There are 2 protein chains.
Amino acid sequence: MTEAHPIEEQIRAAFDEVSQRRTRPRRLIEQRLVEFAENETNFTVDDLWQDIRKDDPHLGRATVYRSIEKLVNKGLLNRVDFADGTHHYRVCGHSHHHHLTCNQCHRVVEVDICLPKEQLAKIGNQTDFTIEGHSLSLFGRCSECRTE
Amino acid sequence: MTEAHPIEEQIRAAFDEVSQRRTRPRRLIEQRLVEFAENETNFTVDDLWQDIRKDDPHLGRATVYRSIEKLVNKGLLNRVDFADGTHHYRVCGHSHHHHLTCNQCHRVVEVDICLPKEQLAKIGNQTDFTIEGHSLSLFGRCSECRTE
DNA sequence: TTTAGTGCAAAGGCTTTGCACACCG
DNA sequence: CGGTGTGCAAAGCCTTTGCACTAAA
């Protein structure tokens with residue numbers, strides 16, 4: 001667990017880049033995001049809001065939406081769409097990786113699996129597309145949910 | 001363009017399995033789906049509804065939602081979530097493949113790229129998950145949009 | 001005739017927006 | 001102080017649901 005730039009700094013830096021004032025709401029959001037990042041937890045907008053409201057019951061839902069939107073654009077947060085139509089987010093500033101989600105408990109782990117570069121290149125040629133990106137999610141069942 | 005079971009039959013068969021009556025709305029939906037399938041077009045619920053309303057202005061939106069839901073469960077339709085939060089569908093009864101979508105014109109082509117089996121197995125072991133499925137989408141820019 | 005399937009409109013979630021106010025710098 | 005960022009509530013989407021009615025078998 002050694003990092004040149006701990007996640008805390010990354011989050012703070014991202015916030016600094018998308019805003020000019022260090023307000024109370026943003027500090028609170030920052031706090032939670034650090035926690036979520038450390039636990040590699042995924043969360044919904046509402047999760048985050050409910051969580052923050054324990055500290056500040058007057059903080060508005062819209063504020064949370066507004067912050068999340070900015071951080072997603074900045075690339076710090078990753079949006080994951082579940083099959084049931086709900087949207088989840090996770091802190092994902094760092095290196096390229098993908099997610100494996102448990103179909104039952106929705107636990108997420110990061111995995112370092114990806115498409116072979118040569119295959120991507122081949123597809124690019126075949127289709128005459130410039131490949132700019134991809135999204136990959138694995139689904140399965142974790143050991144705990146399997147034994148239940 | 002030769003197929004033992006043309007897409008038309010596949011669609012009809014899927015409908016037959018999820019319902020008991022061959023109603024006018026379903027026939028209309030069927031028709032459009034065949035077109036969409038042939039053109040490999042992706043569509044939203046609303047696209048489909050608007051399209052059908054040209055033939056039958058009284059057909060209800062809810063009916064379209066209800067049919068799509070059944071066909072998705074049946075596996076005939078594939079749901080694709082775009083980054084902007086919109087949901088698209090495409091007819092996809094057949095073999096395993098993934099999609100490459102143009103970021104600009106949203107044209108979709110099917111590609112036969114996938115994760116290496118050995119890698120999937122390795123991930124399963126490392127994480128102690130039973131891998132049950134995956135979703136993979138490629139994004140890029142098609143030749144036409146690139147040259148504009 | 002029976003009842004699956006439909007159409008309509010209302011209700012439900014989630015998300016965005018408008019606007020006056022608060023508070024950071 | 002000045003203007004960014006906030007809170008609130010209203011409005012907007014997309015989607016689902018309840019219910020009386022239509023029409024397929």
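The figures here come from the full heavy-atom set of this structure, side chains too, leaving out hydrogens, waters and symmetry mates. Computed from a prediction, not measured in an experiment: that's the story for all the values here. Chain letters run A, B, ... following the sequence lines, proteins first and then strands; every chain starts at 1.
One atom, CZ of A:Arg27, and another, P of C:dC23, lie 12 Å apart when rounded to the nearest Å. Put simply, CZ on A:Phe15 is 14 Å from C1' on D:dT4, counting in whole angstrom units. Distance CG (A:Asp46) to P (C:dG12): 17 Å, rounded to an integer number of Å. Residue A:Arg66 contributes atom CZ, which lies 7 Å from atom P of D:dT6 at whole-angstrom precision. Residue B:Asn73 contributes atom CG, which lies 11 Å from atom P of D:dT16 at whole-angstrom precision. Atoms CG (B:Leu28) and P (C:dG5) sit 16 Å apart, rounded to a whole Å.
Residues satisfying the side chain to side chain contact (heavy atoms under 4.5 Å, CB included) test with A:Glu69, not counting sequence neighbours, are A:Asn73. Residues satisfying the side chain to side chain contact (heavy atoms under 4.5 Å, CB included) test with A:Asp47, not counting sequence neighbours, are A:Phe43, A:Thr44.
Phosphate proximity of C:dC24 to A:Thr23: absent, as no side-chain N or O sits under 4.0 Å from OP1 or OP2. Side-chain nitrogen and oxygen atoms of A:Arg26 include at least one within less than 4.0 Å of the OP1 or OP2 phosphate oxygen of D:dG5. One finds no side-chain N or O of A:Thr63 lying less than 4.0 angstrom from the OP1 or OP2 phosphate oxygen of D:dT6. Residue B:Arg61 places no side-chain N or O under 4.0 Å from the OP1 or OP2 atom of C:dT6.
Contact check of residues 47-59 of chain A against DNA chain D (heavy atom, cut-off under 4.0 Å) returns A:His58, A:Leu59.
Contact of B:Arg24 with C:dG5 (side chain to base): no donor-acceptor pair of N or O atoms is detected under 3.5 Å.
Taking NZ of A:Lys74 as the reference point, atom CD of A:Gln10 lies at 10.0 Å (rounded to 0.5 Å). A distance of 6.0 Å separates CG of A:Asp56 from CG of A:Leu28, quoted to the nearest 0.5 Å.
Checked against C:dT17, C:dC8, C:dG25, the side chain of A:Arg22 finds its nearest nucleotide in C:dG25. Closest to the side chain of B:Arg21, from the set C:dT6, D:dT4, D:dA23, is D:dA23.
In summary, of the residues considered (A:Arg32, A:Arg24, A:Arg27), a side-chain hydrogen bond (donor to acceptor under 3.5 Å, both in side chains) with A:Asp55 occurs for A:Arg32 alone.
Judged by distance alone, with hydrogens and angles left aside, the side-chain atoms of A:Trp49 form no donor-acceptor pair with the main-chain N or O of A:Thr63 at under 3.5 Å.
Residue whose closest nucleotide on DNA chain D sits further toward the 5' end, between B:Tyr65 and B:Gln20: B:Tyr65.
In this structure, A:Val91 and A:Leu71 have side chains that are not in contact, with every pair of non-hydrogen atoms separated by 4.5 Å or more.
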